[in-house]
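What you see below is based on every heavy atom in this structure, not just the backbone, and it leaves out hydrogens, waters and symmetry mates.
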Protein chains: 4
Amino acid sequence: MFFQIDFSNGLPVYQQVVRQVKFAVAGGALQAGELVPSVRELSRELAINPNTVARAFRQLQADGVLESVRGMGLQVAAGAQQQCRDERVKLIRQRIQQVFVEARQSRLAADELRALVDGELAAIEQLEV
Amino acid sequence: MFFQIDFSNGLPVYQQVVRQVKFAVAGGALQAGELVPSVRELSRELAINPNTVARAFRQLQADGVLESVRGMGLQVAAGAQQQCRDERVKLIRQRIQQVFVEARQSRLAADELRALVDGELAAIEQLEV
Amino acid sequence: MFFQIDFSNGLPVYQQVVRQVKFAVAGGALQAGELVPSVRELSRELAINPNTVARAFRQLQADGVLESVRGMGLQVAAGAQQQCRDERVKLIRQRIQQVFVEARQSRLAADELRALVDGELAAIEQLEV
Amino acid sequence: MFFQIDFSNGLPVYQQVVRQVKFAVAGGALQAGELVPSVRELSRELAINPNTVARAFRQLQADGVLESVRGMGLQVAAGAQQQCRDERVKLIRQRIQQVFVEARQSRLAADELRALVDGELAAIEQLEV
DNA sequence: GTGGTCTAGACCACG
DNA sequence: GTGGTCTAGACCACC
């Protein structure tokens, strides 16, 4: 797998796993019906405890992204790709709204905010090129 | 005081207090040399635990925004206003960067992101008018 | 064969096979002395692991429904039909008891329960017509 | 608390806790806004591992029955009572349907089934008196 | 081999 | 005191 865990980041490890699986599904790296790596395998690969991976997978099942196949493992649910895409956009929109509201609460002027955003947007786009 | 605590918001209460004090200083609502309300008074007013207020004030002292005056309480430090203004911009820039990096990690296309941002920016600006 | 496996149903696959064989015997679809399909044939037909079918057949032998015939395979035991009929009624009675006890534990009122049961009983009878 | 765990019952312990909390909320034994016993307290009382209780509470939060109050504990969410009542009826109806469908699949005659159900219903009602 | 459950004990942030 | 996270190791049923 191509996941990566950032332990210094405050975000709980199991949530990082959840997010990265969802992103992989949204991006098509994990196709519907495909078996995801086993709990033990992924835990070995990421050097984290199997229980932590299991918890992430449990969450993903509750979210309808994965489904269990008895004795075989966990597979990506049908329709999960569209769901993950929608969720991704929704999540990012929320985060953006949150920041903007915060900026407004701090009485940052609208043009200052716009300048900040444009600068960072340009920066991130250059990275992608 | 004019602070307001949002318990349903995941943000720790003491950090909400810290932020709001800093914003008040940045915006000039709290002037350098001015005494802030006592721990007990503020805790009563916001209906939160005195320990929580004390913790926020401890943080504000560590950040150099407040300083203790023997027998009087805590006052806004000299030069705190400029510091809070800088911090505010820096904080918001960080948050924006964070969101953009996250969006990039989720492989959201650059133009999709820009569209999202522009939409939300317009929305927040309309609110301000 | 006319069996059907439901993977999304929590019930273990091998138990589904056991149950369906017993129902077939009870209903007369499988007569005493008749040879059941081989493990390999049935596993191919149901698209399940041969080990799973073998386990189901082992269970059915232990229950006295099937018996092995050297070099021939497995046949339905004499007297299995009556046994399967009795077992069927007993099993369903158990399930009903279980549901009712659960309903009682949840403090559902007796008349509410009776109304629920009558409604569903009417529904299932209409389906059969 | 008045909960009771049955270890010999195949049902996972954490699910038993979830169910009993929901039943308590549905029945009004736990009112909205009320704090439920702490993880440690309940785990001591039921003689089970705190993690197991925590897992049940996590599930109850995901189901919208409990909500966390920072540093204080977990309280019953507003509107949880109605939700738990609906869920209870829906759950039992599902179970009843399941049994009836199973009975039909086993080709049990409709009048045999009705006789079975009436007998067990009478039995359970006598217990309640 | 697979996931699922449970225990035990540790550390953290928060009020 | 509270819940939340993580680790470690055990046992189970199922395929």
Side-chain angles (χ1 to χ4, degrees), chain A residues 5 7 9-17 35-43 46-61 66-75, chain B residues 5 7 10-18 39 43 46-56 59, chain C residues 5 7 10-17 43 46-56 59, chain D residues 5 7 9-17 35-43 46-61 66-75:
Chain A
I5 301 301
F7 292 96
N9 174 4
L11 201 65
V13 175
Y14 82 95
Q15 283 182 22
Q16 294 187 42
V17 176
L35 285 176
V36 298
S38 78
V39 169
R40 291 163 173 84
E41 185 184 341
L42 191 53
S43 73
L46 298 179
I48 61 181
N49 191 290
N51 274 330
T52 304
V53 177
R55 180 168 178 186
F57 282 3
R58 214 180 303 137
Q59 174 83 45
L60 286 161
Q61 280 183 273
L66 296 186
E67 52 193 20
S68 150
V69 188
R70 302 184 69 92
M72 296 297 298
L74 297 166
Q75 70 181 10
Chain B
I5 301 300
F7 291 96
L11 203 64
V13 176
Y14 84 97
Q15 284 182 23
Q16 293 187 43
V17 176
V18 168
V39 168
S43 72
L46 299 178
I48 61 181
N49 194 303
N51 281 331
T52 306
V53 177
R55 181 167 180 181
Q59 174 82 44
Chain C
I5 301 301
F7 290 96
L11 203 65
V13 176
Y14 82 97
Q15 283 182 24
Q16 294 188 42
V17 176
S43 71
L46 300 178
I48 62 181
N49 193 302
N51 281 330
T52 305
V53 177
R55 181 166 181 183
Q59 174 83 42
Chain D
I5 300 300
F7 292 96
N9 174 4
L11 202 65
V13 175
Y14 82 96
Q15 282 183 23
Q16 294 187 43
V17 176
L35 285 177
V36 298
S38 76
V39 169
R40 291 163 173 84
E41 184 184 342
L42 192 53
S43 72
L46 299 179
I48 61 181
N49 190 289
N51 275 331
T52 304
V53 177
R55 178 167 179 186
F57 282 3
R58 216 180 302 137
Q59 173 85 44
L60 286 161
Q61 280 182 275
L66 297 185
E67 53 192 20
S68 150
V69 188
R70 304 184 66 93
M72 296 296 298
L74 296 166
Q75 71 181 10

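Shown here, F:dG9 forms a base pair with E:dC6; the pair counts as Watson-Crick or G-U wobble because both key distances fall under 3.5 Å. In this structure, F:dC14 forms a base pair with E:dG1, meeting either the Watson-Crick or the G-U wobble geometry with both donor-acceptor distances under 3.5 Å.
Comparing A:F57 and D:P50 against DNA chain E, the residue whose closest nucleotide sits nearer the 5' end is A:F57. Remark on DNA chain E: of its neighbouring residues A:E41 and D:R40, the 5'-side contact belongs to A:E41, judged by nearest-heavy-atom nucleotide. Along DNA chain F, the nucleotide closest to D:M72 and the one closest to C:N49 are compared, and the more 5′ of them pairs with D:M72. Judged by closest nucleotide on DNA chain F, A:F7 is the one of C:R55 and A:F7 placed further toward the 5' end.
The line from CZ of D:R58 to CZ of A:R58 is 6.5 Å long, rounded to the nearest 0.5 Å. For the atom pair CD of D:E41 and CG of D:L46, the computed distance is 10.0 Å after rounding to the nearest 0.5 Å.
With E:dC14, F:dG3, F:dA8 as the candidates, the nucleotide lying closest to the side chain of D:L74 is F:dG3. Nearest to the side chain of A:N51, among E:dT2, F:dT2, F:dT7, sits F:dT7. Closest contact between the side chain of C:Y14 and the listed nucleotides E:dT5, F:dC15, E:dC14 involves F:dC15. The side chain of D:V13 sits closest to E:dC6 out of E:dC14, F:dG3, E:dC6. Comparing atom distances between the A:S38 side chain and each of E:dG3, E:dG15, F:dA8 picks out E:dG3 as nearest.
Rounded to whole Å, the distance from CD on D:Q59 to C1' on E:dG4 is 14 Å. Taking atom CD of B:Q16 as the reference point, atom C1' of E:dC14 lies 12 Å away to the nearest angstrom. Per the geometry, CD1 belonging to C:I5 stands 10 Å off P belonging to F:dC15, to the nearest Å. Atom CZ in D:R70 sits roughly 15 Å away from atom C1' in F:dG1 (whole-Å rounding). With rounding to whole Å, D:L46 atom CG is found 17 Å from E:dT5 atom C1'. What separates CD of B:Q15 from P of E:dA13 is a distance of 11 Å, to the nearest Å. If you measure from atom CG of D:L42 to atom P of F:dG1, you get 17 Å, rounded to the nearest angstrom. Between the CG atom of D:L11 and the C1' atom of F:dA13 there is a distance of 15 Å, given to the nearest Å.
Side chain of D:Q16 to backbone of D:L11: a donor-acceptor contact under 3.5 angstrom is found. Checking side-chain atoms of C:Q59 against main-chain N and O of C:Q15 turns up no donor-acceptor pair under 3.5 Å.
Among all heavy-atom pairs drawn from A:L42 and A:P37, the shortest one is CB-CB, 4.4 Å.
Here D:T52 does not reach the OP1 or OP2 of E:dT5: none of its side-chain N or O atoms lies under 4.0 Å away. OP1 and OP2 of E:dG3 both lie 4.0 Å or more from every side-chain N or O belonging to A:S68.
Contacts of A:Q61 with the nucleic acid, taken as non-hydrogen atoms under 4.0 Å apart, involve only primed sugar atoms and P, OP1 or OP2.
The side-chain heavy atoms of C:F7 and C:I48, taken from C-beta on, include a pair separated by under 4.5 Å.
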